[in-house]
Structure formats: C-alpha cells, structure tokens
K.L.:
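Below is the structure I would like to discuss, written out as structure tokens.
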Protein chains: 2
Amino acid sequence: MVQIPKPPTPASAAVGSVPTSADVARLAGVSRATVSYVLNNTSAVRISEPTRRRVHEAAKELGYVPHAAARSLRAGHSRMVLMPAPTIPVGPLYSQFLSDLQGALGRLDYTVVQYGAVGTHGDEAARAWAELRPVAVLVPGSGLGPQGVAVLKRSGARAVVTLGPETVEGAHALLMDHTAVGRAAAAHLRARGRSRIGVVVPAEPGLEVFSRPRLHGVRHAVHGTGGTGATVIELPLAYDEDDAARLAARWRGLGLDAVFAYNDEYAMLLMRALMDAGVDIPGDTAVIGADDLMLGRLLRPRLSTVHIDLPSGRDLAELVDRAVRDPAAPPERREVLGATVVPRESS
Amino acid sequence: MVQIPKPPTPASAAVGSVPTSADVARLAGVSRATVSYVLNNTSAVRISEPTRRRVHEAAKELGYVPHAAARSLRAGHSRMVLMPAPTIPVGPLYSQFLSDLQGALGRLDYTVVQYGAVGTHGDEAARAWAELRPVAVLVPGSGLGPQGVAVLKRSGARAVVTLGPETVEGAHALLMDHTAVGRAAAAHLRARGRSRIGVVVPAEPGLEVFSRPRLHGVRHAVHGTGGTGATVIELPLAYDEDDAARLAARWRGLGLDAVFAYNDEYAMLLMRALMDAGVDIPGDTAVIGADDLMLGRLLRPRLSTVHIDLPSGRDLAELVDRAVRDPAAPPERREVLGATVVPRESS
DNA sequence: TTGAAAGCGCTACCAC
DNA sequence: GTGGTAGCGCTTTCAA
C-alpha cells in the first residue's frame with residue numbers, strides 16, 4: 001500500500017494512501033509552508049485565524065499525522081533516547097527504575113525507545129542503534145566498548161551513558177558496582193562469625209554480569225580482611241527445585257556455615273531445599289540474599305538480604321539532558337549503587 | 001553539532017560531522033549511486049570488484065552508518081514493529097514472552113521497538129506511535145480503540161495486533177481472556193467443596209486489566225453453575241505485609257472458606273499473613289494463586305495455582321508477518337490464553 | 001500574511 | 001559498469 005509508487009497524479013490525494021502535509025495544504029487551499037507554520041505553532045510568523053482554522057480542519061479531516069523520520073531528517077537531529085531492550089527477565093527493582101526513567105525523560109520532552117535485542121554484542125549492536133540517529137544512548141550492562149561508543153558519537157549521538165560495572169572510554173558512566181553487594185553480604189556474615197562461605201552463582205546464562213561481581217565482592221571482603229582460614233566456595237545453581245535439592249543433598253559434605261545466594265529468589269529456593277534436607281537455618285548455615293524482594297519476608301525464617309539503592313530515574317534523566325546540551329563536557333562518572341544489609345532471621 | 005547547518009563547502013567532508021553516503025562516494029571517487037549499490041549489495045546491478053573494495057574501505061574509514069530515517073523515507077516503508085513499553089512491572093511470564101517475540105520478529109528481519117510510555121491512553125498514544133510510521137503495531141492490554149487503530153492504519157501501519165481482553169474493530173486480536181483464570185480457580189475451589197470465596201484484587205493501579213477479568217471469571221463460574229448459596233467477595237489488597245496482616249486480622253469475621261488471590265505473589269503474601277494469624281490452610285481456608293511462579297513452591301503448604309499458557313513468540317511473529325504481507329486479509333481473532341489448575345497443598 | 005523553493009540522506013530509474 | 005538525478009515528507013529561509 002505504502003511502498004507502491006503512486007501514479008503521477010500530482011493534484012490528487014489518492015484515497016487509501018498516507019496523507020502528507022501537501023495533502024493538507026491542498027485541502028485547506030494554502031501552501032505547505034503555511035501548514036507547517038500552523039501545525040507547529042511557529043512563533044516567528046503570524047498566520048491569520050481563519051487560515052489556522054482551515055488548516056487544522058483539513059488536517060483533522062484527513063487524519064494527518066506528521067512523519068517523524070522526514071521531520072528529523074530535515075531538522076538534522078531528533079529527541080530520541082535509545083536503550084537496548086532487556087534480554088533477560090528483569091526484576092521489579094530495575095523495572096521500576098526503567099519506568100521512572102522513561103517518565104522523567106518524557107517530561108523533558110525526549111522520546112524513549114527500547115531497541116529490540118538483535119542478539120549481537122554491544123559493539124555490533126551499536127551500529128544498528130546508530131542507524132536510528134538517537135540523540136542519546138543508554139546502555140545497561142557491559143558489552144559496549146570504546147568502539148561502539150565511537151560509532152554512536154560519530155553518527156551524531158550527543159550522549160552515550162553506560163550503566164554498568166566499568167567506565168567506557170568516551171561515555172558517561174553510571175557505575176553500578178555489584179561487588180559492593182558481595183562485600184556487604186560477606187562483611188555481615190563474617191561479623192556473625194561465619195567463615196566458610198558458599199556463594200550461589202546462577203547457572204542461567206545472562207546473569208553473569210551481576211553474579212560475577214557479587215562473587216568477587218565476597219572474595220575480596222573475605223580475603224581483604226585477612227580472615228585467617230576463611231574460605232569462599234562458588235556454588236552453581238539452576239533456578240529449579242531439583243537442582244536446589246541436589247545441592248542441598250550434598251550440603252553437609254561441603255562444610256559451609258554460611259551462604260550468600262546471589263539474590264533473594266535463589267536464596268529462597270536454596271533455603272527451602274536446605275530446610276527440607278534438615279539443615280538448620282541459621283543454626284547450621286546462615287543464609288543471605290540480595291535485592292530485598294518481598295518474597296524474602298514470606299518464608300520463615302525471614303531472609304536476610306542486601307538492599308540495593310538504584311539512582312532515581314529523574315537524576316539519570318537530568319544527567320542525560322545535561323550531557324545532550326553540552327556534548328563537549330567531560331564524561332561524568334558516578335557511583336550509583338548503594339548496598340545495605342537488612343539483617344533478618346536467616347543469618 | 002549535528003543540527004548546525006554546515007557552511008556551504010560542498011566539496012569537503014567537514015571533520016566532526018556525521019558522514020553521509022556522499023562523503024563515502026567522494027572518498028572512494030565514485031558516485032553516490034554506486035555507494036548505494038555496493039553497500040546494499042544490489043543484485044540488479046553489477047559493480048566491479050575493485051570499485052566495491054574502494055567503497056567498502058572508504059565507508060569503513062569514515063565510520064559510515066546509513067541513516068535509517070532517510071532510507072525509510074525514500075523507501076516509503078520501514079520494517080519497524082512498534083509496541084508500547086510496559087508501564088507496570090511485568091512478571092517473568094510476560095518478559096519471557098516478549099523476549100521470544102523480539103527474537104522471532106528479528107529473525108524475520110523486523111526491528112522491534114518499544115515506545116516509552118507517554119502516559120497518555122491508547123488512542124492519543126496511537127498518534128505518537130503513528131509518527132514513526134511502523135509497519136506493524138502490537139498493543140498489549142486494552143486502551144486502544146477503533147479510533148487509534150484507524151489512525152495507525154491511515155498512517156501506513158499494515159498490521160495492528162491487540163493482545164488483550166477484547167477485539168478491536170479493524171485490528172487483529174490475540175484474545176487473552178483472563179476470566180478463564182478466574183473460572184478455572186473457582187471451578188477448582190467449588191470442586192473442593194468450598195462455597196464462600198474471597199477474591200483478592202490488587203490495590204496497586206494498573207493491574208485492573210488483569211484483576212477485573214479474573215474476578216469476573218470467578219463470579220461467572222460460581223453463579224453460572226447455579227451454586228446454591230455460593231458467594232464471592234472482593235478483597236482489595238495492597239502488596240505489602242501490613243495490609244496483608246490487616247486483612248488476615250479480620251479474616252474469621254469474613255467467614256470465607258477459600259480465596260483466589262489474583263496471582264501467586266499476592267497469594268503468598270496473604271497466605272503468610274493468614275498462617276501468622278493462626279488460620280489453618282487449607283483446613284480453614286483454601287488458597288489458590290495464579291501464574292505458576294516458582295515462589296509458590298517454596299512456602300509450605302505448597303501453593304495451588306492456575307498455570308497460564310501464553311502463545312509462543314514465534315507464533316505471534318508469524319501472525320504479524322502474515323498480516324504485514326497481506327494487509328487486506330480480514331482480521332484474525334484468536335484465543336490464546338490457556339488456564340490450567342495446578343493443584344498443590346494449599347487447596 | 002503567504003508562497004516558492006532548497007535541501008536533509010538515501011535509493012532507484014534511466015542514460016551513457 | 002557507472003553516474004546523473006528525481007523525489008520521499010518535512011521545515012525554513014527569502015521574496016513577494
């Protein structure tokens with residue numbers, strides 16, 4: 001319908017085809033320029049009231065909707081902020097953050113667009129993103145390298161912001177250091193007198209971005225404090241009951257007196273399996289999760305957890321806006337992940 | 001940087017500005033047409049190997065990335081499939097579905113884009129979506145009316161698909177009838193001999209899309225079967241422990257012998273509160289949730305639930321593709337939500 | 001107050 | 001094989 005070239009009937013608005021501003025102009029009996037002035041409320045030029053009305057009426061009658069691509073092609077820029085759509089199921093924490101962010105950017109008159117996963121890694125994906133000529137790009141996780149940043153900037157992105165573990169050359173960075181989560185958990189367990197600490201690492205792919213740093217945080221805290229004889233053991237665990245039961249079955253053999261379980265969901269899964277296997281919690285083994293999800297409060301004993309503070313969407317939106325306004329400014333790098341232990345009954 | 005009109009130096013590729021195909025052509029010493037042919041592997045025209053190489057090298061050297069807007073403006077169509085980004089935190093079920101769908105559409109060479117919430121309701125939002133001239137639009141939930149569908153189609157969308165409770169004039173419909181969930185739950189509870197059924201309805205806004213039909217499904221099943229003396233009571237509940245405790249405190253006064261709790265999360269919250277208040281489950285009160293989440297298996301007694309079958313992403317992607325290829329075909333309407341009770345220990 | 005026209009970056013038709 | 005060029009829909013000077 002759309003892509004079939006219209007036959008050369010320049011004076012007619014073929015019914016069934018998408019109306020353009022020229023069609024509106026024709027119907028209103030004015031020029032395309034006037035249509036543009038009226039529809040955009042251009043202040044630099046005054047159009048008579050009757051003309052305005054005619055244009056508006058014509059536009060409504062035709063169901064005219066401006067063509068964003070044509071507009072931004074002409075303007076040379078857009079107000080699109082692009083983020084890759086999350087590929088892994090993302091928890092309520094991050095969902096909320098995303099939602100806030102979209103709202104805040106919307107209020108600053110940006111259009112947020114989540115680009116559906118191409119499955120490729122950051123630097124290749126950057127090319128696809130760059131084709132849309134977004135004014136800013138927000139990239140969670142790692143994966144985008146300096147190459148990707150360069151591609152984006154060369155194609156007109158005025159701001160590239162990464163949300164992840166490390167800074168990337170040329171991009172603003174909201175550093176989310178998940179080792180802090182592991183460190184907090186480990187410090188808590190050590191303070192409770194535990195020294196043989198298991199760390200659950202999800203077997204599911206895609207979660208390494210978070211699980212590796214959390215594990216390293218534990219290692220760092222335990223070995224950094226010169227804990228004599230304290231040990232850390234990595235425990236792969238798939239998110240299903242069978243695997244949890246298997247792990248629980250060999251628990252006593254592991255000789256652990258504490259476990260930090262990646263997040264509350266894995267913690268609950270494991271804790272349930274341990275209890276079913278007759279392991280006393282926190283007597284035999286202390287358990288701590290992370291993310292402070294509601295579900296941690298529902299099982300007994302109540303699950304200790306590491307509460308995570310994310311930046312407010314509004315803050316990030318303002319950072320983006322600032323960066324867009326002044327693309328020459330040096331990249332900001334800000335530490336935004338707060339980790340606080342919420343001690344409950346399981347540790 | 002981008003929007004500042006370049007001074008009239010037509011023969012120079014100003015450094016720092018975004019490279020265009022003309023810049024590539026200049027550097028390679030060929031015409032823009034040739035660049036286009038080479039970069040798009042146009043089969044209708046044969047370009048000599050040396051020329052191809054020169055073009056590719058020039059493109060790489062400049063970091064050339066084609067301008068999607070210009071391309072689709074010229075082409076008269078795009079392969080963008082647009083969906084509104086979810087505004088409410090969406091569970092693992094739907095996340096997975098979305099992810100599959102994106103993958104499947106990607107494999108069919110569509111680009112999926114989630115449009116950040118404009119906060120407006122469907123029909124107004126439709127205008128904003130239409131500005132992007134997507135080839136197809138996927139709209140979950142209700143909210144989009146025939147008006148919105150018309151706007152989208154008039155602006156070139158070849159397929160509009162709704163995923164929701166009802167069909168919308170002019171759009172394909174994947175009917176997700178959540179009353180089926182309520183009906184399944186109610187039938188189960190009735191079969192277990194329960195007759196005074198509470199139905200938890202989340203106090204959180206935005207969930208009505210699901211909670212109302214689920215409630216109505218229960219009502220329908222209970223009254224439809226001519227259950228003499230069976231009653232259904234609506235129980236608003238906020239997703240926090242205090243509100244759950246309050247509800248539990250007045251539980252005996254309500255005289256209910258069963259409760260269907262919207263979904264597993266609310267069910268677990270309430271079940272925990274009821275147990276803490278000394279209500280025996282399932283003895284005094286049977287509890288059933290929905291969505292078959294992992295967490296329902298962790299608390300004891302294990303939570304009965306209604307398992308929900310969503311269509312596969314691949315199926316939906318194929319529907320979209322078919323609709324795009326043949327926009328004139330009559331709208332498909334398909335029932336896609338399967339609801340099966342998974343009886344466990346709580347009912 | 002309004003209109004004519006240039007041009008954003010790209011592709012595809014038609015000449016050479 | 002390659003180049004010239006029209007034109008997608010829009011905004012915005014510059015003239016009238």
Side-chain angles (χ1 to χ4, degrees), chain A residues 2-8 10 13 17-26 28-52 54-55 59 62 64-78 130-133 155-156, chain B residues 2-8 10 13-14 17-26 28-55 59 62 64-78 130-133 155-156:
Chain A
V2 181
Q3 82 280 34
I4 297 165
K6 281 178 294 200
S17 115
V18 183
T20 72
S21 76
D23 296 322
V24 177
R26 206 145 34 220
V30 298
S31 76
R32 292 156 67 224
T34 305
V35 170
S36 179
Y37 293 142
V38 172
L39 263 31
N40 296 312
N41 264 314
T42 308
S43 50
V45 72
R46 298 202 53 75
I47 304 283
S48 69
E49 204 44 55
T51 307
R52 306 185 81 82
R54 284 219 312 288
V55 170
L62 293 177
Y64 171 71
V65 175
H67 193 308
R71 176 184 306 207
S72 63
L73 180 58
R74 165 67 223 221
H77 65 100
S78 74
E131 293 193 359
L132 297 186
R133 297 291 191 271
S155 51
Chain B
V2 180
Q3 80 280 33
I4 297 166
K6 280 178 293 196
S17 112
V18 184
T20 72
S21 77
D23 295 322
V24 177
R26 205 145 35 219
V30 299
S31 76
R32 290 155 66 224
T34 305
V35 170
S36 179
Y37 293 143
V38 171
L39 263 30
N40 296 312
N41 264 315
T42 308
S43 50
V45 71
R46 298 202 52 74
I47 304 284
S48 70
E49 203 45 53
T51 305
R52 306 185 81 82
R53 239 210 324 283
R54 282 220 312 288
V55 169
L62 293 176
Y64 170 70
V65 175
H67 193 309
R71 181 191 307 232
S72 64
L73 179 58
R74 167 67 223 223
H77 65 101
S78 74
E131 293 193 0
L132 297 187
R133 298 289 192 272
S155 52

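Below, all heavy atoms of this structure are taken into account, side chains as well, without hydrogens, waters or symmetry copies. Every chain is numbered from 1, with letters handed out A, B, ... down the list of sequences.
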K.L.:
If I take atom CG in residue B/L132 and atom C1' in nucleotide D/dC10, what distance separates them, rounded to the nearest angstrom?
P.N.:
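Roughly 15 Å, once rounded to whole Å.
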K.L.:
Can you check whether B/S21 has a side-chain N or O nearer than 4.0 Å to OP1 or OP2 of C/dG9?
P.N.:
no
K.L.:
In a table with atom names and distances, give each donor-acceptor pair under 3.5 Å that connects a side chain of residues 68-76 of chain A to protein atoms at least two apart or in another chain.
P.N.:
residue, atom, partner, partner atom, Å
A/S72, OG, A/A68, O, 3.3
A/S72, OG, A/A69, O, 3.4

K.L.:
Please report the distance, rounded to the nearest Å, between CG in B/L73 and C1' in D/dC8.
P.N.:
4 Å
K.L.:
Please state how far atom CZ in A/R32 lies from atom P in C/dT2, giving the value in whole angstrom units.
P.N.:
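Result: 17 Å.
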K.L.:
With a 3.5 Å distance limit and no angle check, can you tell me whether A/T42 reaches the backbone of A/A44 through a side-chain donor-acceptor pair?
P.N.:
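Judged by distance alone, no pair lies under 3.5 Å.
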K.L.:
For B/T51 and D/dG1, is the shortest distance between a side-chain N/O and OP1 or OP2 below 4.0 Å?
P.N.:
no
K.L.:
Angle, rounded to 10°, between the helical axes spanning five pairs at each terminus of the helix from C/dT1-D/dA16 to C/dC16-D/dG1?
P.N.:
50°
K.L.:
Quick one: B/R54 CZ to D/dG3 C1', roughly how many Å, whole number?
P.N.:
14 Å
K.L.:
Let me know the distance between CD of A/E131 and P of C/dG9, rounded to the nearest Å.
P.N.:
15 Å
K.L.:
Could you list by number each residue of residues 36-48 of chain B showing a heavy-atom separation from DNA chain D of less than 4.0 Å, or answer none if no residue does?
P.N.:
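The stretch gives B/Y37, B/V45, B/R46, B/I47, B/S48 as the residues lying under 4.0 Å from the strand, ordered by number.
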K.L.:
Look at the side-chain N and O atoms of B/S31 and state whether any lies under 4.0 Å from the OP1 or OP2 oxygen of D/dG3.
P.N.:
yes
K.L.:
Is it true that a side-chain atom of B/R54 and a backbone atom of B/A28 form a donor plus acceptor pair closer than 3.5 Å?
P.N.:
yes
K.L.:
On DNA chain D, nearest-nucleotide positions of B/R52 versus A/A33: which is more 5'?
P.N.:
B/R52
